[in-house]
Amino acid sequence: MPALHAAVEAIMREASERAILPHYQSLAASEIDNKAVDDVVTIADREAEALLTQRLSALLPEAAVVGEEAVFEDASVMERLKDGLCWIVDPVDGTNNFAAGKPPFGVIVALADRGEILGGWILDCLSGRFCHAGLGTGAWIDGERITAHTTGESPPVAAISTIFLDDGAREKVLTHIAPHYRLVDIPRCAAEQYPRLLLGTNDISVFNRTLPWDHAAGVLLLNEAGGKAARPDGSAYRADEYERRDLIGASSPALWDDFAKIVAKIG
């Protein structure tokens, strides 16, 4: 794994330096397209995914590649997650931030085998912070092994997005969850949100959409660091269960348990 971690890091940094940062704060209108409401793709996403796909395929030829932009063009690409060894690529996580010329944004790569996450890598393009984890081998940030720690605040700090919630679900959050936590804004970037749970910035994060390129690496990173990321019913997150919604991440198992109990009560 050490050799693999080093090779993946080099590939991700190359993608950042060659395909992403040259476009930062210099995108032309013609280089930004709308994929959906409040969801964009840029020339940097496409160039970075092409580079990452080429390099990762050469690094591990037996592994398929599932890239966010490839799936947007052809949804059947997702089926590769169920067939065997597979790279999962988010070429620019936090694209809305990137397109607006502001941080945070990053590159996320994961490696899974029939849905089980084996490795995860997260690069912050601007700061250069690099996080990685291997199944059963711990979590690391910039070469140092990391143990997740809480904010220590009372009430705990919860980063919860209501963007994708309907009115009823949003009201439940505000009525039943908000009184027990200090709610803060989300960064709209999983490459930043998961490190915040490790580094004592946030205690809880809740995710409604759980697409593998956003979450596979971060879930492994958090769990290997001694925090907890799981479905609200306690079941493990799997990369091949991409149609399931809802995921809770916490900087400690105890905080996860407390939050899950509240969620269970409100249905």
Side-chain angles (χ1 to χ4, degrees), residues 38-39 90 93-94 96-97 102-106 108 117 120 122 124 127 129 131 133 139 141 146-212 214-238 241 244-267:
D38 203 30
D39 189 12
D90 191 340
D93 182 64
N96 281 45
N97 297 335
K102 63 182 183 181
F105 58 89
I108 304 178
I117 307 160
I122 301 176
D124 183 304
S127 72
R129 181 189 64 205
C131 309
I141 297 182
I146 183 76
T147 299
H149 59 276
T150 70
T151 65
E153 294 190 27
S154 182
V157 179
I160 299 177
S161 170
T162 59
I163 294 173
F164 302 106
L165 299 180
D166 59 33
D167 290 342
R170 187 177 298 110
E171 182 61 27
K172 286 182 179 180
V173 168
L174 297 177
T175 301
H176 299 285
I177 294 176
H180 303 282
Y181 296 89
R182 179 167 71 85
L183 301 188
V184 297
D185 289 338
I186 63 167
R188 297 205 67 183
C189 175
E192 172 64 17
Q193 190 63 70
Y194 281 101
R196 288 185 182 186
L197 290 169
L198 294 179
L199 297 171
T201 303
N202 295 158
D203 292 305
I204 297 287
S205 288
V206 179
F207 307 97
N208 306 117
R209 296 192 304 176
T210 64
L211 295 167
D214 289 326
H215 297 286
V219 165
L220 182 65
L221 184 74
L222 185 56
N223 286 330
E224 287 293 324
K228 183 173 180 178
R231 300 291 186 178
D233 64 1
S235 60
Y237 175 87
R238 292 180 53 84
E241 295 179 338
R244 290 184 66 182
R245 292 180 65 84
D246 300 326
L247 176 66
I248 301 170
S251 55
S252 76
L255 284 168
W256 191 98
D257 290 344
D258 290 342
F259 189 85
K261 288 176 183 176
I262 295 173
V263 171
K265 287 180 181 178
I266 65 177

Undergrad: Return the CG to NZ distance between N96 and K102, rounded to the nearest 0.5 Å.
TA: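 Reported to 0.5 Å precision, the distance equals 8.5 Å.
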Undergrad: Drop me the distance from I108's CD1 to C189's SG, to the nearest 0.5 angstrom.
TA: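 One gets 6.5 Å once the value is rounded to the nearest 0.5 Å.
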Undergrad: I'd like to know whether R182 forms a side-chain contact (heavy atoms from CB on, under 4.5 Å) with S154, so could you lay out the CA-CA distance, the side-chain angles of the two residues, the decisive distance to 0.1 Å, and finally the verdict.
TA: CA-CA 8 Å; R182 179 167 71 85; S154 182; over 6 Å; no
Undergrad: Before you tell me yes or no, could you show the steps for D93 and R188 under salt bridge (charged side-chain N to carboxylate O under 4.0 Å, His left out), namely the whole-Å CA-CA distance, both residues' side-chain angles and the distance that decides it to 0.1 Å?
TA: CA-CA 9 Å; D93 182 64; R188 297 205 67 183; over 6 Å; no
Undergrad: Quick one: which residue pairs count as a side-chain hydrogen bond (donor to acceptor under 3.5 Å, both in side chains) with a foot in residues 189-203, not counting sequence neighbours?
TA: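 Output for this query lists R129-E192, T151-D203, E192-R196, Q193-N202, Q193-S205, Y194-H215, D203-S251.
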Undergrad: Any idea which heavy atoms bring S127 and D124 closest together, and the distance?
TA: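 Looking at all heavy atoms of both residues, the shortest contact is N-OD1, 2.9 Å.
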Undergrad: Minimum heavy-atom separation for G120 to A217, with atom names?
TA: CA-CB, 3.7 Å
Undergrad: Any heavy-atom pair between the side chains of V263 and V206 that's under 4.5 Å?
TA: no
Undergrad: Does D185 have more than 12 heavy atoms from other residues, nucleotides or ligands lying within 6.0 Å of its CG?
TA: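 Incorrect, the count does not exceed 12.
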Undergrad: Can you confirm whether N97 sits close enough to P104 that some side-chain heavy atom of one is under 4.5 Å from a side-chain heavy atom of the other?
TA: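 N97 reaches P104 side chain to side chain.
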Undergrad: Measuring from atom CG of L197 to atom OG1 of T150, what distance do you get when rounded to the nearest 0.5 angstrom?
TA: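 Rounded to the nearest 0.5 Å, the CG-OG1 separation comes out at 11.0 Å.
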Undergrad: Quick check: do F259 and I177 have side-chain heavy atoms less than 4.5 Å from each other?
TA: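 Contact flag for F259/I177 side chains = yes.
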Undergrad: Do you know which two heavy atoms are closest between D246 and R231, and how far apart they sit?
TA: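 The answer is O-NH1, 3.0 Å.
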Undergrad: Counting C-beta onward and ignoring hydrogens, is there a side-chain heavy-atom pair between W256 and I248 closer than 4.5 Å?
TA: yes
Undergrad: Within the structure provided, determine whether H176 and K265 are in side-chain contact (heavy-atom separation under 4.5 Å).
TA: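 No, every pair of side-chain atoms sits at 4.5 Å or beyond.
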Undergrad: Check K172 against I266 and note the closest heavy-atom contact, atom names and distance.
TA: NZ-O, 3.5 Å
Undergrad: Compare all side-chain heavy atoms of V157 with those of Y181 and state whether any distance is below 4.5 angstrom.
TA: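 They are not in side-chain contact.
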Undergrad: Less than 4.5 Å apart, any side-chain heavy atom of K228 and any of D257?
TA: yes
Undergrad: Specify the closest pair of heavy atoms between A159 and I186, including all atoms of both residues, with the distance to one decimal.
TA: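 The pair with the smallest heavy-atom distance is C-CG2, 3.7 Å.
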Undergrad: Is any side-chain heavy atom of I146 closer than 4.5 Å to a side-chain heavy atom of L199?
TA: yes
Undergrad: Identify the heavy atoms of L221 and A133 that sit nearest to each other, and give their distance.
TA: CA-CB, 3.7 Å
Undergrad: Hey, what do you get for CG (L222) to OH (Y237), rounding to the nearest 0.5 Å?
TA: 13.5 Å
